[in-house]
Number of protein chains: 2
Amino acid sequence: MRIGEAAAASGVSAKMIRHYEAIGLVPAAGRRGNEYRDYGDADIHRLRFIRRARDLGFGMDRIRALLRLWSDRDRSNADVKQIALDHVAELEERISAMREMADTLHELAAACDGTGRPDCPILGGLAGTLPASPRAAAKVDARPSRPV
Amino acid sequence: MRIGEAAAASGVSAKMIRHYEAIGLVPAAGRRGNEYRDYGDADIHRLRFIRRARDLGFGMDRIRALLRLWSDRDRSNADVKQIALDHVAELEERISAMREMADTLHELAAACDGTGRPDCPILGGLAGTLPASPRAAAKVDARPSRPV
DNA sequence: GTTGACCTTGCCATGGTGGGAAGGTGCAGA
DNA sequence: TCTGCACCTTCCCACCATGGCAAGGTCAAC
């Protein structure tokens with residue numbers, strides 16, 4: 001399979017397949033005499049694994065660890081579970097930080113009548129009288145880094 | 001005030017103050033004869049505004065818009081509210097995507113006994129038998145981009 | 001005049017991903 | 001055989017917000 005078919009079959013873009021190869025997340029693909037990369041079923045399988053892990057929000061370091069365990073017959077499922085639980089804990093932390101932000105904003109927005117006058121509790125809150133909440137924000141970014 | 005004091009007073013690092021100046025989010029600070037930037041109370045106020053908006057997860061574009069409205073006497077609070085609500089909607093979307101990820105992982109982890117054997121439902125799930133959930137993940141990044 | 005705290009500019013890195021340029025390859029049809 | 005097209009290759013740039021580091025300037029206190 002050439003990279004385009006591999007991309008379609010795995011759900012990982014050709015661009016990212018090359019990138020994963022460059023950072024050593026997947027082994028360098030063989031070339032078919034010409035310069036083209038060549039992929040087999042095992043490669044697709046691995047790429048799909050990565051895709052699913054990405055979909056679950058795992059970062060590259062953890063995916064790397066998971067891949068290592070995946071291809072280790074003598075692995076301990078306790079190790080796998082630990083990685084998953086660590087990641088879940090981080091997810092929960094980010095979720096609650098964002099929950100706090102959203103709640104604060106809901107309150108501010110509710111206090112704003114939106115009638116078109118200059119008077120605005122939201123700006124008021126941002127300008128200084130914010131009810132002293134989200135310190136968690138310093139630890140977590142709530143903006144997306146994977147463009148939609 | 002020099003930049004260090006301004007940073008301490010506003011909660012925005014000196015580095016970021018310079019960056020905000022570079023991207024035009026704050027006006028270029030005056031210099032005091034020497035090369036040092038000089039800040040007054042209004043500057044601190046503005047920086048604190050930015051800091052609070054960042055803490056609520058606003059991205060730079062929205063902060064820029066909020067700042068414009070903030071310093072516009074003839075603003076409409078409907079405009080402000082719209083920006084806030086747009087942002088809240090994005091937050092909620094990301095929260096629910098991450099909620100889905102966390103839930104899926106909770107399930108997988110619960111199915112894994114973690115007794116140390118190679119047998120592992122988590123890897124099984126990643127390897128292909130994942131219960132067909134998080135398509136939302138394609139739209140939202142759950143990893144932090146602001147380092148902790 | 002030396003020390004130390006602070007400032008300056010400028011470059012690099014992060015993490016995943018996409019965009020695009022400039023050029024090579026392979027296959028189908030005229 | 002030539003042409004066109006779809007695909008591939010490598011390489012560089014951009015995002016967003018932030019931190020780190022380096023090499024050098026400035027100022028106040030001792």
Donor + acceptor pair across side chains of His87(B), Gln82(B) (<3.5 Å) | no

Nearest-Å distance for atom pair CG/P, residues Leu47(A) and dG16(C) | 16 Å

Within this structure, what is the CD1-to-C1' distance between Ile17(A) and dC8(D), rounded to whole angstrom?
-> 13 Å

Protein-nucleic acid N or O pairs under 3.5 Å, nucleotides 27-30 of chain D:
from, atom 1, to, atom 2, distance (Å)
dC27(D), OP1, Asn34(B), ND2, 3.4

In degrees rounded to 10°, what angle is found between the helical axes fit to the five outermost pairs at each end of the helix from dG1(C)-dC30(D) to dA30(C)-dT1(D)?
-> 30°

Distance check: side-chain N/O of Arg37(A) vs OP1/OP2 of dC8(D), anything under 4.0 Å?
-> no

Going from CG on Leu123(B) to CG on Asp72(A), what distance comes out if it is rounded to the nearest 0.5 angstrom?
-> 10.0 Å

Rounded to the nearest 0.5 Å, how far does CG of Asn77(B) lie from NZ of Lys81(B)?
-> 8.0 Å

When rounded to the nearest 0.5 angstrom, what is the spacing between CD1 in Ile63(A) and CG in Leu25(A)?
-> 6.5 Å

To the nearest 0.5 angstrom, please state how far the CG atom of Leu126(A) sits from the CZ atom of Phe58(B).
-> 6.0 Å

Reported CE-to-CD1 distance for the pair Met98(B) and Ile95(B), which is rounded to 0.5 angstrom = 8.5 Å

Hey, can you pull the residues of residues 18-31 of chain B with a non-hydrogen atom under 4.0 angstrom from DNA chain C?
-> Arg18(B), Arg31(B)

What is the distance, rounded to the nearest whole Å, between atom CG of Asp38(B) and atom C1' of dT26(D)?
-> 15 Å

Is any side-chain N or O of Ser13(B) closer than 4.0 Å to OP1 or OP2 of dT18(D)?
-> no

Can you tell me how far NE2 of His19(A) sits from CE of Met16(A), rounded to the nearest 0.5 angstrom?
-> 4.5 Å

Each nucleotide N or O in nucleotides 20-22 of chain C that has a protein N or O under 3.5 Å away: list the pair and distance.
from, atom 1, to, atom 2, distance (Å)
dG20(C), O6, Lys15(A), NZ, 2.5

In whole angstroms, the gap separating C1' of dT18(D) from CZ of Arg54(B) amounts to 9 Å

Can you name the side chain to side chain contact (heavy atoms under 4.5 Å, CB included) partners of Ser10(A), sequence neighbours left out?
-> Val12(A), Ile17(A), Ile44(A), Leu47(A), Arg48(A)

Classify the ring geometry between His45(B) and Trp70(B) as parallel (under 30°), tilted (30 to 60°) or perpendicular (over 60°).
-> perpendicular

What pairs with Glu5(B) under side-chain hydrogen bond (donor to acceptor under 3.5 Å, both in side chains), at least two apart in sequence or on another chain?
-> none

For Asp79(A), does its backbone N or O pair with a side-chain atom of Arg75(A) as donor and acceptor, under 3.5 Å?
-> no

Counting only heavy atoms not in Glu92(A), do more than 12 sit closer than 6.0 Å to its CD atom?
-> yes

Residues Arg46(A) and Val26(A): closest non-hydrogen pair is NE-CA, 3.9 Å

Ranking Glu5(B) and Asp61(A) by the position along DNA chain C of their nearest nucleotide, the one closer to 5' is Glu5(B)

